[in-house]
Amino acid sequence: MLPVNLVVLVCLAYVAILFGVAFAGDRRARKDPTGWLSSPLVYTLSISIYCSSWTFFGSVGSAAKNGLEFLTIYLGPTIVFVGWWIFLRKLVTIGRIHHTTSIADFISARFGKSPALGALITILTLVAITPYIALQLKAITASFQVTTYPAGALVAASQRLEPDFVVAFWLAAGLCLFSIMFGVRNIDVNERHHGVIAAIAVEALVKLVAFLAVGIWVFATLSNAPDVMFRNAPVSLLNPEQGFGSRWVALCFLAGAAVICLPRQFQVTVVENSSDEQIRTASWMFPFYLFLMNLFVIPIAMAGLNYLPAGSDPDLFVLTLPMTNGQETIGLLAFIGGFSSATSMVIVSSIALSTMISNHIVMPVAMRFSLVPTGSGQSARNFILTARRMSIVFIIFLGFIYFWVSGTSDALASIGLISFCGLIQPLPSLVAGLYWQRATHRGALAGLAAGFLVWGYTLFLPSFEGAFLMSADVIENGPFGLTWLKPYALFGQDAYDPLVHALLWSMTVNIVLLVAVSLWREPTPLTRFQATLFIDVFRRQTERERGVIRRTARVADLRQIAGRILGPEETVRLFYLDGVGERAVIASDELLSLVETRLAAHVGAATARTLVSQVVTSETISVEELKRLAGEAEQIRAYSAELERKSRQVEATAAELAAANERLREIDVQKDEFLSQVSHEVRTPMTAIRSFSEILLTNRDLDEARKLHFLGIIQSESFRLTRLLDGILDLNVTEPGEQAWDMTVFDPEVAVEHAIATCEPLARAAGVRIRRGRRARHALVLGSQDRLAQVFINLISNAIKHNPNANPEVVVSSSIRANVTYEAKVADNGPGVAPMDRESIFRKFVRGAKAQQGGVGLGLAISRQIAERFGGELCIFDSKAGGAEFVVRLPLCTRDGAGSGHSTAV
């Protein structure tokens, strides 16, 4: 044995060194963020946190009990890092771009920034990881007892050690202190934890050196020659009939998924990543590290089985072999290696999980019940920091309580694989989010919840052997005697190992529900947009983020929200860059997106969106995005058709899909016509302007009359081009959420007369008669007289241009209805508008099927938007003469702007 004081002193000295490394790393990072602390070597060593005490001690134990099966825990990560490098690169790139803070934040952001999804993943992760933290505390406590207790190594070599909960308690307290000091110093969790990562890298080297030292000593001292060592190997260790079956496949899959989904692995692999070079180097260096960690597993296991008494705990062979052979220095080094393995896992896991709890549970609940301080910005930041610090204490001591309650239960012996199976349940949602456009947050919620329940029922609760929630009778015979519901033989499937059985059922249910529910309901516009950003992350990322979703908010409100979370210094830097905060009253969409991104780095994407949504006054999909979606219409139509053929759903669903396809075809046709029309309309005047300009430039001797003639043509074509651009600009101005108009009370008849006078020259030239019908008197409406005149000019000019009748006529009349509504009519005796076209002609870039002269299809869309901005409406009916009759209805008001009946929307 070693003196307790010596072991404690060595542990304290080691922890002090880690504190020094973390402190120096933080200081170095502040001076040079891109220095050696961000090197691929340090990054790869931090990923080796995968090798916990379960790896350091448990690999030898697994080899002694199950032969070569222990290799599967390392083959899985090796396959992922070597064969799935493209997947990892996409994962870390999205994490950097979107400032994700955890796996819950990542999946939540992908599926429309769903708060419920982030909260569910957090709760499930907390449940699944608690036994795993308990396992680390058990390993360190047991190794401390072996190293320091009188005859501790001999007891461990012959019988089970009783756990020392006092040691475990002080160990948990120390882990809380270190995690809080270097993991929760600020709330910007997307800011790299350089100090912690530096300390984790040092611990990675320590545990590797310690394990290699024990292995070399065993190989050189106890194993004699290699041929003798293998000749004396127990049959249980190298049984050729073991493995390479369903359990091996399941364990490889389990380990490969765990290296992605474990909170600590996601933290170091995705959140701490700063470049593609890091993941590129890790793709070969991390598997090499795993190879070195397993180089002497077989020799140590064989030596333990040969030289230690029968019944010795194989999980402690790494310690008991040197301690029982008088090699106390090597034993102390092995203890430090196991100590490093366990502490690094607990520290990073608690930091990552505390962020998830704070962002997805504490903050949403605090915002829901108005518990977040509303005073200074620092008070809100302190609230978040306190929540994360308390979460770390809660997480680590929850693991301690689990260890205390379990005591010497055999449940802890296999809890590593059991926890792995629960912690990988987010994998289907994660993979679907990166590659399947159709995946929805409802599907992810259903799959995650169901998969986790199946895991708990078929593996987690039965592992307590009847001591917790599930009785031994239920485990043996199923609930209520229903044998087909036995946890270890669900639906009569008893041919598999319990772990394989639980993994198969939980993943199957998870994936089936994810796909089925996603296909059942259409994704929301935000989910579809987020899917595009994630799936097409390498293609025109900046273009896709800009101008797709247009939002508006007051700068003052946005600045107040940001100040509470970001603090005054960062808020000033964010809002007053280039003077944006001094000039603007309404925040641009770019500023809104920038603020939301910075908030997401502090409180997660879902909470950040909730915060920003509190001050957003309007949110719409832009015309540019509609055109982009129309460009993808063919692909969506093909998918919808394939889905319709395969599903054979009920008649209502089939009709809905057909309607969706028809809408997509209309959008596609509109897009093509719009691009063709605008291209033609722009090219024609530009061609004329260029041609006549060249004539004037090259022929200086032209007579004055011809020069004036050519200049007149250039001017005319310029006016034509200006009208086209004015139409597009008018469309943008009338979009909801754009700049406010000056609203005044005026007589709408003045606008009608102005429109008639403006259109009379056009009517005379076309041979069309404009006739005035009955007119309203003393009507007053609230709006813009110029804009209303624009509406009537559009309607009258359309009636003139699209009337091929031999005796064309346009009738303009108006009246007051029920003393609350002003109604103006523009009727013609032309061909009219087919009923099927009466709604579509009001859409942007659409012209009626019977239109006689070209246009870009903006006039009616603009007119309807103007009427609606005034609280009225624009609709179409058949005229008495057989043509079309456009009706404008506006609410009346008094001189002071008060409505006469209907409420007035401005």
Can you give me the closest heavy-atom contact between [X] and [Y], atom names plus distance?
| X | Y | answer |
| --- | --- | --- |
| Arg528 | Gln437 | O-NE2, 3.5 Å |
| Glu272 | Val268 | CB-O, 3.6 Å |
| Ile133 | Met345 | CG1-CE, 4.2 Å |
| Pro287 | Thr78 | CB-CG2, 3.8 Å |
| Thr125 | Pro263 | CG2-CG, 3.2 Å |
| Ala204 | Tyr289 | O-OH, 2.7 Å |

Rounded to the nearest 0.5 Å, what separates atom [atom1] in [X] from atom [atom2] in [Y]?
| X | Y | atom1 | atom2 | value |
| --- | --- | --- | --- | --- |
| Leu88 | Ile279 | CG | CD1 | 5.0 Å |
| Ser340 | Leu208 | OG | CG | 11.5 Å |
| Ser358 | Met363 | OG | CE | 7.0 Å |
| Thr101 | Asp105 | OG1 | CG | 3.5 Å |
| Cys176 | Ile396 | SG | CD1 | 3.5 Å |
| Leu120 | Ser114 | CG | OG | 9.0 Å |

Within-4.5 Å side-chain heavy-atom neighbours: [X] and [Y]:
| X | Y | value |
| --- | --- | --- |
| Ile535 | Leu434 | no |
| Phe111 | Arg442 | no |
| Phe56 | Cys51 | no |
| Ile424 | Met507 | yes |
| Leu126 | Leu398 | yes |
| Leu423 | Cys261 | no |
| Ile123 | Phe452 | no |
| Leu353 | Ser391 | no |

- Centres of the Phe291 and Phe286 rings: under 6.0 Å? no
- Would you please indicate yes or no on a ring centroid separation below 6.0 angstrom for Phe420 and Tyr132? yes
- Message: Apply side-chain contact (heavy atoms from CB on, under 4.5 Å) to residues Thr93 and Arg96 and explain how you reach the verdict.
- Response: CA-CA 5 Å; Thr93 301; Arg96 284 200 311 268; 3.9 Å; yes
Could you tell me whether a side-chain N or O of [X] sits under 3.5 Å from a main-chain N or O of [Y], the two making a donor and an acceptor?
| X | Y | value |
| --- | --- | --- |
| Ser344 | Ser341 | yes |
| Ser349 | Val346 | no |
| Arg110 | Gly433 | yes |
| Gln425 | Asn510 | no |
| Lys207 | Ser48 | yes |
| Gln278 | Thr44 | no |
| Thr527 | Pro523 | no |
| Gln265 | Tyr50 | yes |

- Task: Given side-chain contact (heavy atoms from CB on, under 4.5 Å), test Arg89 with Ser283 step by step and report yes or no.
- Result: CA-CA 10 Å; Arg89 176 172 173 258; Ser283 66; over 6 Å; no
- Query: Is there a salt bridge (charged side-chain N to carboxylate O under 4.0 Å, His left out) between Lys90 and Asp276 once you walk through the steps?
  - Reply: CA-CA 10 Å; Lys90 187 172 188 177; Asp276 285 347; over 6 Å; no
- What residues form a side chain to side chain contact (heavy atoms under 4.5 Å, CB included) with Ala201, not counting sequence neighbours? Val42, Leu45
- Task: Could you check Trp284 against Val82 for side-chain contact (heavy atoms from CB on, under 4.5 Å), going step by step and ending with a plain yes or no?
- Result: CA-CA 7 Å; Trp284 65 266; Val82 173; over 6 Å; no
- Query: Yes or no on side-chain contact (heavy atoms from CB on, under 4.5 Å) for Phe253 and Leu427, after CA distance, side-chain angles and deciding distance?
  - Reply: CA-CA 11 Å; Phe253 172 80; Leu427 182 68; 3.9 Å; yes
- Yes or no on ring-ring contact (aromatic ring centres under 6.0 Å, His included) for Phe106 and Phe534, after CA distance, side-chain angles and deciding distance? CA-CA 10 Å; Phe106 188 99; Phe534 275 56; 5.4 Å; yes
- Task: Mark yes when over 12 heavy atoms from residues, nucleotides or ligands other than Met285 sit less than 6.0 Å from its CE; otherwise mark no.
- Result: yes
- Item | Heavy atoms from other residues, nucleotides or ligands near CZ of Phe394 exceed 12 (cutoff 6.0 Å) | no
